[in-house]
Amino acid sequence: MSEYLFPPAPPAALPVSGQEARFPVHRVFCVGRNYAAHAAEMGAEVDRDAPFYFLKSAHAVRQSGATLPYPPGTRDLHHEIELVVAIGAPAFRLAPAQAMDAVWGYGVGLDMTRRDLQARAKDKRQPWDLGKDFEGAAVFSALTPARDFTPAAQPIHLRVNGAMRQQAGIAEMVWSIPDLIADLSRYYHLGPGDLVMTGTPAGVGPVQPGDRLAGGVEGLEPVELTIGPAQ
């Protein structure tokens, strides 16, 4: 039996709607600029040749209802609401027509972003890790099995303190779910436990300690988050 120098971190896992069993999280893939209006508000254009990605680590995962302490090193924490796809089967070098066979279910996520650190990295042509990958930066609703939800043109929204901040339809995504899974499977051996955050619509903006975020996609469990004081 293996011995560890110190106790390993418990695995990240998310609740499943209507079930006791939890979904263990392996990796979190995030899609950038997948809504044209959001790309425009960030002063960028959608890359129509191929989607692009960044990753969040397991330490970033939190479930809906959490309180996220205002993270260190930033003065400009932003919200981004997203449809999330949960992978439940091996997927490698798939065609788009095969891609949906790998989907286990769906959820709603918040891609929390230290926007000032991301902007600094962009200016220096550096990776976005400091802006995107930190403790509590990926907040997820309970997941819904694919048999109970079919993505089409459902609305996606986010309210902050009751005021609407983001509102669109998931049909506005530039790259569809099959396209994203097929493209990712060219570069990774996707498998059970992987999550794909499919991009955010326009309306991203800052949050402050004390703010309450509530968002969702019609037909899925909602996601909620409270921003706590800095620690």
Side-chain angles (χ1 to χ4, degrees), residues 12-19 21-40 44-56 58 61 80-111 132 138 140-157 166-202 215-221 223:
L14 297 174
V16 174
S17 180
Q19 298 185 26
R22 295 171 65 84
F23 184 93
V25 177
H26 182 207
R27 294 171 293 189
V28 181
F29 297 94
C30 305
V31 183
R33 300 174 192 164
N34 202 25
Y35 288 77
H38 170 60
E45 295 183 359
V46 172
D47 187 341
R48 302 283 176 172
D49 293 328
F52 81 93
Y53 313 97
F54 55 92
L55 280 79
K56 291 179 183 270
V61 174
E80 299 188 11
I81 189 77
E82 313 207 4
L83 173 68
V84 178
V85 180
I87 303 298
F92 183 59
R93 294 178 177 169
L94 297 183
Q98 304 169 303
M100 297 303 284
D101 292 339
V103 175
W104 181 89
Y106 302 92
V108 185
L110 287 167
D111 167 13
K132 288 288 191 178
F140 298 102
S141 70
L143 300 178
T144 296
R147 65 175 179 270
D148 298 325
F149 179 82
T150 301
Q154 292 92 340
I156 182 171
H157 76 276
Q166 293 183 264
Q167 191 171 24
I170 61 174
E172 296 175 40
M173 290 192 296
V174 175
W175 299 98
S176 70
I177 293 169
D179 288 337
L180 293 172
I181 294 172
D183 189 66
L184 274 170
S185 77
R186 296 171 57 204
Y187 305 102
Y188 296 93
H189 289 79
L190 300 178
D194 288 335
L195 298 176
V196 182
M197 303 186 79
T198 60
T200 195
V217 172
E218 186 177 278
L220 297 176
E221 298 284 344
V223 64

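- Closest of all the heavy-atom pairs between H157 and I81 is O-CG1, 3.6 Å.
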> For V28 and M197, what are the C-alpha separation, side-chain angles and deciding distance, and is it a side chain to side chain contact (heavy atoms under 4.5 Å, CB included)?
Replying inline: CA-CA 7 Å; V28 181; M197 303 186 79; 3.9 Å; yes
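- Put simply, the side chain of I177 reaches to within 4.5 Å of the side chain of L83, judged on heavy atoms.
- From L180, atom CG reaches atom CE of M173 across 6.5 Å, with rounding to the nearest 0.5 Å.
- Counting all heavy atoms, side chain and backbone alike, L190 lies closest to I181 at CD1-O, 4.0 Å.
- In summary, the side chains of Y106 and D148 do not present any donor paired with an acceptor at a separation below 3.5 Å, with no hydrogens or angles considered.
- Of all heavy-atom pairs between G107 and L220, the closest is O-CD1, 3.7 Å.
- Using a 4.5 Å heavy-atom threshold, the side chains of W104 and I87 count as separate.
- A distance of 13.5 Å separates NE2 of H189 from CG of L184, quoted to the nearest 0.5 Å.
- R22 places a side-chain N or O within 3.5 Å of a backbone atom of A13 that can act as its donor or acceptor partner.
- A distance-only check finds a donor-acceptor pair linking the side chain of S141 to the backbone of V108 [under 3.5 Å].
- Between V174 and R33 there is no side-chain heavy-atom pair separated by less than 4.5 Å.
- Annotation for Q154 and E218: closest pair CG-O, 3.5 Å, computed over non-hydrogen atoms.
- For the atom pair F52 CZ and D183 CG, the distance stands at 12.5 Å (nearest 0.5 Å).
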>> Show, in sequence, the C-alpha distance, side-chain angles and deciding distance for Y188 and F29, and conclude whether the ring pair (Phe, Tyr, Trp, His ring centres under 6.0 Å) test is met.
In response: CA-CA 11 Å; Y188 296 93; F29 297 94; 4.8 Å; yes
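- How far OG of S176 is from CG of N34: 9.0 Å, rounded to the nearest 0.5 Å.
- Closest heavy-atom contact between A86 and F23: CB-CZ, 3.7 Å.
- In this structure, D194 contributes its side chain and G191 its backbone to a donor-acceptor pair below 3.5 Å.
- If you check the side chains of E82 and T198, you find no donor sitting under 3.5 Å from an acceptor.
- In terms of heavy atoms, P96 sits closest to A182 at N-CB, 3.7 Å.
- Distance alone, capped at 3.5 Å, places no donor-acceptor pair between the K132 side chain and the L55 backbone.
- Listed for the E172 side chain is a donor-acceptor partner under 3.5 Å among the backbone atoms of G169.
- T144 and E221 form no side-chain donor-acceptor contact under 3.5 Å, judged by distance and modelled atom types alone.
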